[in-house]
Number of protein chains: 4
Amino acid sequence: MNSGETHPQAWVSALTETTDVGIRVRGYDLLELIGTVPFTSVVHLLYTGELPTRTAAKLLDALMVASIDHGPGTPSVLTARTAASGGASFQSASAAGLLAMGQFHAAAVEDAMDAIRTVAASTAAGMESGDAAAEVVADRRRDGRRVSGFGHRQHTERDPRAGRLFSMARELGVGGAHIDATLALEIAVAKSVGRPLPINIDAVYAAILAEIGFPAELANAVFIASRMTGVMAHVAEELGTMPPMRRIDPVAHRYGGPPARTVPTGGSE
Amino acid sequence: MNSGETHPQAWVSALTETTDVGIRVRGYDLLELIGTVPFTSVVHLLYTGELPTRTAAKLLDALMVASIDHGPGTPSVLTARTAASGGASFQSASAAGLLAMGQFHAAAVEDAMDAIRTVAASTAAGMESGDAAAEVVADRRRDGRRVSGFGHRQHTERDPRAGRLFSMARELGVGGAHIDATLALEIAVAKSVGRPLPINIDAVYAAILAEIGFPAELANAVFIASRMTGVMAHVAEELGTMPPMRRIDPVAHRYGGPPARTVPTGGSE
Amino acid sequence: MNSGETHPQAWVSALTETTDVGIRVRGYDLLELIGTVPFTSVVHLLYTGELPTRTAAKLLDALMVASIDHGPGTPSVLTARTAASGGASFQSASAAGLLAMGQFHAAAVEDAMDAIRTVAASTAAGMESGDAAAEVVADRRRDGRRVSGFGHRQHTERDPRAGRLFSMARELGVGGAHIDATLALEIAVAKSVGRPLPINIDAVYAAILAEIGFPAELANAVFIASRMTGVMAHVAEELGTMPPMRRIDPVAHRYGGPPARTVPTGGSE
Amino acid sequence: MNSGETHPQAWVSALTETTDVGIRVRGYDLLELIGTVPFTSVVHLLYTGELPTRTAAKLLDALMVASIDHGPGTPSVLTARTAASGGASFQSASAAGLLAMGQFHAAAVEDAMDAIRTVAASTAAGMESGDAAAEVVADRRRDGRRVSGFGHRQHTERDPRAGRLFSMARELGVGGAHIDATLALEIAVAKSVGRPLPINIDAVYAAILAEIGFPAELANAVFIASRMTGVMAHVAEELGTMPPMRRIDPVAHRYGGPPARTVPTGGSE
C-alpha cells in the first residue's frame, strides 16, 4: 500500500450483474431481452430501473429518432469533423464531438425539464399555467439565468419536430400537463425577451420525458445517446471521404445524398 | 483573411439535410420517420444509406441490446467513473469512457469483420472453411497481429450472448456464411494459440453485421453507440449516489439492483 | 450556402500572429523568444499579454514545478491509465486524464483565488484579516458552497509544497497580502468545519498567482498545463511497461524508481 | 468480489513517490527542485529519469517555446474553440483540442524521430547521408507511408523555427548527426515527391530531441505539453470574449493583439 492507506470496501452498482455464465440488466436476463425488447426500451430499463409502458416505449423511441442528426453545422459535428481532419482516430473525434455538447447545445434537456416540472406542479396546485410560467421565467431572470429549450439559430419558426412529437404524445393518451406547461413557458419566454423564442428540441425532449415520468438526471443522456450516433456517422464520412487537414467551413456546406423520398408503407420493411 | 489564404469551397455531406422548415435523413423526411421507424433502423439508414430489411432491423436491434452494458468492471466504465469521481461533468466523464474504447475493448469489431469476410470469401471460392480460417490466422501471426474477437477475461467459456444471437440469426434465415466463418476462426485461433479463446461479443457483432451486409467502417460505431448508453448510466449512478474523490476498486464491487426476474410475456408491455 | 445563412465575418484573436514568413506571440517575434525567454515566461506572456517581471517569472516557474506530478493515485492519472490499459492511444488516454480534472481535483485554483482576492481586498480596506476570512467562509456556506483549496486526502498536515513556495515568495519580496489572506482563510475554514483543513496545492497556486497579478480565468490553465506533463509521463509508462486490460488498483501501488538523491549544486547542470 | 476474481497485486511506477510528508520525483525531493531547477528541466527529469545537461536543458526549453502556439487556424485550436462555443467547459474544450492532435498535426514527432535515427545510424556505419535518407524514404514509400515532419500548409518555405533552433543547437555544440540526417531527409523527400516539402516543426523537434538523446516514445508528449498551453489560451479567449454558438470561420480571422515589439535586453526582465 502506498502511504498507509487502507483498502477500499466493495462498492455497489444497481445496473448490471455479470457472472461467468450470464449477464442480468436490472434483474432481467440479457439473453431474454435480446430479440424480445427493443433497444430503446432496454435503455429505459437501464436508466429508470423498469421496462417502459407501451406508450413510454413508443415516445422514447420517437424522441431518439427525432434528435439523431441535425446536419453538418452543429457544434458537435463541426468539432468532431475538425478533430478527425487533424488526424484524430474514430473514437477520439467522436469523443471531441461529445465534449462540444454543453449548455447551449445538446445538454440542456435537464434544465428545461426542471422549469417544465415546476410549472406543471404549480398548475396542478391550482395556479393558472400562464401565471406559473411567468413566475418561473421571472425567478430565473432574477438569478441571471434563462430557461433552456427555447430558440434556435436556424428554426426561427417552431422546430418542425415539436408539433409531430406533441401530436404523437396526445394520440397515445398522455396526460398532457407537461406539454401544456411547455407551451405556457414558450409564451412567457417570448413576453420576457420581447420576441418569439420557439420551442426547440431540448424543450420537446423535456416535455415528453416529463410526461413519461423519466428521471431528469438522465434526460440529457438520452439526447446525447441519440445524437452521438449521428456524430459518429459524420466522423466516418469525414475519415472515409475527405482529405486530411482540410479547412472545414461551418456554413458553406450542402446536402449531397439521396433525393427526397417517402418512407415505404409498413415502416422499415 | 489571415496570411492570404483563399476561402474554402462549399463541401458536401450525404447524411442529413436541414432547412428552415424541415430535416431529411438520407432523403426521408424526419417527421415521417418519427413514430414509424424504430431508432435502431434509423441508425441503419444513417450509417448505410438505406432502411434495413425486416431481418436486418431485428438483428441490428438485438446486437445493440446485447452490448448495452457489461457491468462496472470494463475499462470504459472504470475510466468514466474515475473521471466523474474526480469532478468531471456528466459529458466529460462520458467522453473519458468513450476514449477508453480501443483495440482491446469495444472497438475491435471492424478488425474481426475483416478476418471473417476474408474467410467467407475464400470459402465462397471453394476453399474448405477450416483451411481458410487457418490461413487468415497464420497470415496475421506472420505480421505479429492477432485476430480480434476471440477470448474474454471473464467469459472463459463461450460468451453467453454468442449462442443467442447466432440462433436468432439462423431462425431469421440469414445465409450463415459469416457465422460459419466465425466458428471456423474460433477453432483456428484455438489451434494457433494452443488453448481455447472463445468467440466474444466483438466477433458476434462482426459475424452478424457481415451477415446483414453492414459496412465495416461503421461496425465499431454501432457497438460504441450501444455501449455509450451503458457508460452514461454508470456516470449518472456515480454522480448521483457516490461520494466524490472515492477510491474506485476495479474488482471489489457487487450488484445491488433488483433481484432476478423474468421479462413479461409480450416483451416490454 | 445551407439554408440561406450569410457567411460569418472575420474574427479577431489577440494571441499569436502567423504569416508565411514568421510567427509573433503577443507582438514578440517567436524567433527572438526562442533561447532568450524561458518557456514558463512565454506562458506568462501568452496568458497575460506581457512578459513577467523577474520575481513573477521565478514564482510561476516554481509553481509549475510544484504541481508537475502527484504520483499514480490521483483521479487524473488513474483515469488516464485505465483508458490506456483499455486500448486508448497516447493522446486519447491523456485527454481522458484531463477530463478528470474538475472541481475536486486540479481545477479549483480559480475558485480559491476568488476567495483570496475578496479577503485581501477587505483587508486592504481596513478590515481585520480574520474577520474578512470568516465573512467569506460564512457567505459561501450560506450558498451551500465551500472554499476550494483547503484539505487533502493524503497530506492531512499542511501540504509540504505550501511552506516552500510561501517562503520563496517572501524572499523574493512580494507584497504578501494574498499569502496572508490564504493563511487567514485556513483558520476560518477550520473554525467553520470544526477540524483543520490545511492549505493544499490549489490554494498555494491561488495565493502566489494573486501575488503576481495573474488573471483568475487562466489560473486553472497553469495548473493543468503543469499536471498534464505528469499525466503524460504516466500514460507513457502504462503503454510502455504494463500489460493491456490490467486491473488498476487505485491504492495498492508503490514507487519503484531511483532511490532518494540530492539535486546537484548549481541546479540541473 | 464480483465473479470470483482475485484481487490485483500491487503495481509499480518509477515516476513519483508521495508520502504523508513529502513528494519525490525520480528520487529528488520536490521541495529541493522548486526554485532550483526550471520547469522544463523537471519535465526532462520526469520523462527520461535524469536531469538534463546544460545544453539539453536549453534546447528542450527552446523547443517548448517554439511550439507554444501557431495561431487560431490549427485543427487543435479550431476544435477546442468550436467545442467551447457550443457550451463545453474549459477543461472539456481543452481536451477536445488535445484529441485533434494526431498523425497530421502535433503528434508526428515520434515518427519523424524514427526516420532520423535510422538515417543517422546508417551514416554512423559509413553510409553516405544522401543514400541513407533516400533508402528510408524508399522503404516507407514501399509500405505506403510517408516520412512525418516535412511540408506545411502555410510555411511553404522552410519553417522559420527550423533555422533558429538548428543554429542554436550547433552553437551549443551538439554532435549534429541528427540535424544532418534531417537535412538529408528533406532533400530525399523532395526528390521522392517531386517538389520541396520543407522541414516543419515536427522534424525540428525530432532532430533536436534525437541530438539530446530523448526517448522517442515521449517526444510527442513534449510537443503536446507545449502546444496545450497555447490551446488553453485560445479556449480562455473564446470563453471570455466571444459569443456562444458562433460560426467559427477556419480562415477568416486576423490578429488583433499588441503591435510588433522587441524582447527587452536581458530576456524577460
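All values reported here derive from a predicted model rather than from experimental measurement. To find a chain, count down the sequence lines: A is the first, B the second, and so on, and within it residues start at 1.
- In terms of modelled atom types and a separation under 3.5 Å, the side chain of C:W11 and the main chain of D:D249 share a donor-acceptor contact.
- The minimum heavy-atom distance linking D:G22 with C:P160 is given by the pair CA-CG, 4.2 Å.
- In this structure, chain C has a heavy atom under 4.5 Å from the side chain of D:M168, while its backbone stays farther away.
- For chain C, the nearby part of D:L165 is the side chain; its heavy atoms alone come within less than 4.5 Å.
- Contact annotation for D:R164: only side-chain heavy atoms (C-beta onward) come within less than 4.5 Å of a heavy atom of chain C.
- C:S89 and C:S92 share a side-chain donor-acceptor pair at under 3.5 Å.
- In this structure, chain C has no heavy atom under 4.5 Å from any part of D:R227.
- Interface remark: of the candidates C:E217, C:E238, C:M101, C:K58, C:M101 forms the most heavy-atom pairs closer than 4.5 Å to chain D.
- You'll find the side chain of C:R26 reaches within 4.5 Å of the side chain of D:R261, heavy atoms only.
- Between chain D and the options C:P259, C:S13, C:G256, the largest number of non-hydrogen pairs under 4.5 Å is found for C:S13.
- Of the two parts of D:S94, the backbone and the side chain both hold a non-hydrogen atom closer than 4.5 Å to a non-hydrogen atom of chain C.
- Inter-residue side-chain proximity for C:I34 and C:L30 is flagged as met; some heavy-atom pair is nearer than 4.5 Å.
- Most heavy-atom pairs under 4.5 Å with chain C, from the set D:T262, D:D29, D:V43: that is D:T262.
- Between C:V77 and C:G71, the shortest heavy-atom distance links the atoms CG2-O, 3.8 Å.
- For a residue to count as touching a neighbouring chain, one of its non-hydrogen atoms must lie under 4.5 Å from one of that chain's; by this rule D:L31 touches chain C with backbone and side chain alike.
- Contact of the D:M64 side chain with the D:V222 side chain is registered, since non-hydrogen atoms from C-beta on lie closer than 4.5 Å.
- Interface remark: C:L45 contributes side-chain atoms only to the contact with chain D (heavy atom separation under 4.5 Å).
- Listed options D:L218, D:I68, D:L99, D:L33 were ranked by heavy-atom pairs under 4.5 angstrom with chain C; first place goes to D:I68.
- When the candidates C:V12, C:L63, C:V42 are compared by the number of heavy-atom contacts under 4.5 Å with chain D, C:V12 comes out ahead.
- Contact of D:E237 with chain C is made through the side chain alone, with heavy-atom distances under 4.5 Å.
- Contacts of C:F39 classified as ring-ring contact (aromatic ring centres under 6.0 Å, His included), with partners at least two apart in sequence or in another chain: none.
- For chain C, the option among D:G230, D:A62, D:A233 with the highest count of heavy-atom pairs below 4.5 Å is D:A233.
- Scanning all heavy atoms of the two residues, the minimum distance from C:L15 to D:R81 falls at CD1-NH2, 4.4 Å.
- Contacts of D:Y28 with chain C are made by both backbone and side-chain atoms, with heavy-atom separations under 4.5 Å.
- Residue with the most contacts toward chain C among D:I224, D:L239, D:T241: D:I224 (heavy-atom pairs, distance under 4.5 Å).
- Of the atoms belonging to D:H44, not a single heavy atom falls under 4.5 Å from chain C.
- When each of D:A225, D:S226, D:A66 is checked for heavy-atom pairs under 4.5 Å with chain C, D:A66 comes out on top.
- Side-chain polar atoms of C:Y205 and C:S67 form a donor-acceptor pair below 3.5 angstrom.
- Annotation for C:T82 and C:L78: closest pair OG1-O, 2.6 Å, computed over non-hydrogen atoms.
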